[in-house]
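Scroll down for the structure; my scribbles are underneath it.
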Amino acid sequence: MTDVVLQLLNVESAYGPIKAIRGVSLKVRQGEIATVLGSNGAGKTTILKTISGIIDPRKGSIEFRGQNITAKDPAFIVQQGLSHVPEGREVFPLLSVRDNLLMGAYTRKDRDGVARDIETVYSYFPILQERATQDAGLLSGGQQQMLAISRAIMAAPQLILLDEPSLGLSPKLTKEIFEIVVRINRERGTTILLVEQNANMALNASDYGYVLENGRIVMEDTCERLREKEDIKEFYLGLKDDGVRGERRWKKKKTWR
Ligand SMILES: Nc1ncnc2c1ncn2[C@@H]1O[C@H](COP(=O)(O)OP(=O)(O)OP(=O)(O)O)[C@@H](O)[C@H]1O
Ligand SMILES: [Mg+2]
């Protein structure tokens, strides 16, 4: 029996009268990459914000490594070993790339470990080393995504929550980022919960998947089996659908990359 790192039981979250997630239950097991797939507005970001304490749920409970973290302070939750890479990255634009990385490690006392982890993220994303002294705000969208993921690694977390890493990125860059996400998981043993619209990428990278529609989990299975399901193929993996969406997103952001 594998260890469950994170467990949500019947979690409901709302924005005023708008119920965004309606009784979500899910498990993330030690060492795996789990994914929640869903289209715009399904509630993916809300799930991650509720886990990391940014939003308090109306109902339900969240357990992380055996501890109840429901509605706890975000800073406390980070200290327990959970890092969140938010949608849209949110790097500190006026701090250098290196200082952004150090901000990720601010609660750590092991200076040698921090220095080692900076070298590790530079090996994953060499461009960050080249730009180490440059303001993070000057990085392209894709590079900011690399920095946001790297900053999460710098906290040496047990679990990383990753909100749509593919958003606004070209298919090529998306593939590169996913390859690194898998390496982080395999090489560092970091458990990952990833939410995505890009089902193709997410299902290939992940071990276990949930499908979220209108704030409810409507399906769950190993990613191997999900990839074979007809309705998943139709709604999420249709080549036309995926290709068009990726291309459109890329074009939209292309001007500032
Ligand atoms: N701050 C907010 N105030 C009011 N409603 C919100 C707020 N944030 C999200 N919502 C609503 O909650 C629902 C879920 O939103 P959420 O951002 O979790 O979806 P998502 O799956 O992450 O979508 P996307 O793929 O577009 O990022 C949507 O109906 C959205 O309009
Ligand atoms: Mg979102």
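None of the values given here were measured: they were computed from a predicted structure. Numbering of ligands and ligand atoms starts at 1, following listing order.
- Within ligand 1, the atoms closer than 4.0 Å to a non-hydrogen atom of Asn40 are 23 (O), 24 (P), 25 (O), 26 (O), numbered from 1 in the order shown.
- Any N or O atom pair closer than 3.5 Å counts here, and Gly38 shares no such pair with ligand 1.
- A salt bridge links Lys172 with Glu176: the closest approach of a Lys/Arg side-chain nitrogen to an acidic carboxylate oxygen falls below 4.0 angstrom.
- Each of the following atoms of ligand 1 lies closer than 4.0 Å to a heavy atom of Ser39: 21 (O).
- Every atom of ligand 1 with a heavy atom of Thr46 under 4.0 Å away is listed here by number and element: 14 (C), 15 (O), 16 (P), 18 (O).
- Residue contact check: Thr45 has heavy atoms under 4.0 Å from atoms 17 (O), 18 (O), 20 (P), 22 (O), 27 (O) of ligand 1.
- Scanning the protein heavy atoms around atom 27 (O) of ligand 1, the nearest turns out to be Glu87 OE2, 2.6 Å.
- Considering backbone and side-chain N/O of Ala42, one or more are found under 3.5 Å from N/O of ligand 1.
- Closest protein heavy atom to atom 9 (C) of ligand 1: Tyr15 CE1, 3.3 Å.
- No salt bridge links Asp3 with Arg29; every basic N to acidic carboxylate O contact stays at or beyond 4.0 Å.
- For the residue pair Asp163 / Thr45, a side-chain donor-acceptor distance below 3.5 Å is found, with atom types taken as modelled.
- Under 3.5 Å, the side chains of Thr46 and Ser13 contain no donor-acceptor pair of N or O atoms.
- Here is the list of ligand 1 atoms found below 4.0 Å of a heavy atom in Gly43: 14 (C), 16 (P), 18 (O), 19 (O), 20 (P), 21 (O).
- On a distance-only criterion, Gly41 and ligand 1 share at least one N/O pair closer than 3.5 Å.
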Practice task
Could you give me the CA-CA distance, side-chain angles and deciding distance for Val195 and Leu162, then say whether side chain to side chain contact (heavy atoms under 4.5 Å, CB included) is met?
Solution key: CA-CA 6 Å; Val195 308; Leu162 208 47; over 6 Å; no
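- Using modelled atom types, one finds no donor on one side chain facing an acceptor on the other under 3.5 Å when comparing Tyr208 with Glu224.
- In summary, the atoms of ligand 1 found under 4.0 Å from a heavy atom of Ala20, numbered by their order in the structure, are 12 (O), 13 (C), 14 (C).
- Protein heavy atom at the shortest distance from atom 25 (O) of ligand 1 is Lys44 NZ, 2.7 Å.
- Residues Arg188 and Asp117 are paired through a salt bridge, judged by an N-O separation under 4.0 Å between the basic side chain and the carboxylate.
- At the Mg ion (ligand 2), the vertex angle linking OG1 of Thr45 with OE1 of Glu87 is 70° (nearest 10 degrees).
- Of the residues listed (Ile192, Ile33, Thr35), the one engaging Asp207 in a side-chain contact (heavy atoms from CB on, under 4.5 Å) is Ile33, and it is the only one.
- Every atom of ligand 1 is numbered from 1 in the order shown, and the set under 4.0 Å from a heavy atom of Gln197 is 25 (O).
- Put simply, atom 2 (C) of ligand 1 has protein non-hydrogen atoms near it, under 4.0 Å away.
- At a cut-off of 3.5 Å, with distance as the only test, a side-chain donor of Ser166 or Glu196 sits close to an acceptor on the other residue.
- By the definition of a contact as any protein heavy atom under 4.0 Å away, atom 21 (O) of ligand 1 is in contact.
- Between Glu228 and Arg225 there is no salt bridge, since none of the side-chain N atoms of the basic residue sits less than 4.0 Å from a carboxylate O of the acidic one.
- Contacts between Lys49 and ligand 1 below 4.0 angstrom, taking non-hydrogen atoms only, are absent altogether.
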Exercise for the section: In sequence, state the C-alpha distance, the side-chain angles, and the governing distance for Lys44 and Leu48, and then conclude on side chain to side chain contact (heavy atoms under 4.5 Å, CB included). Expected result: CA-CA 7 Å; Lys44 303 180 298 297; Leu48 297 193; over 6 Å; no
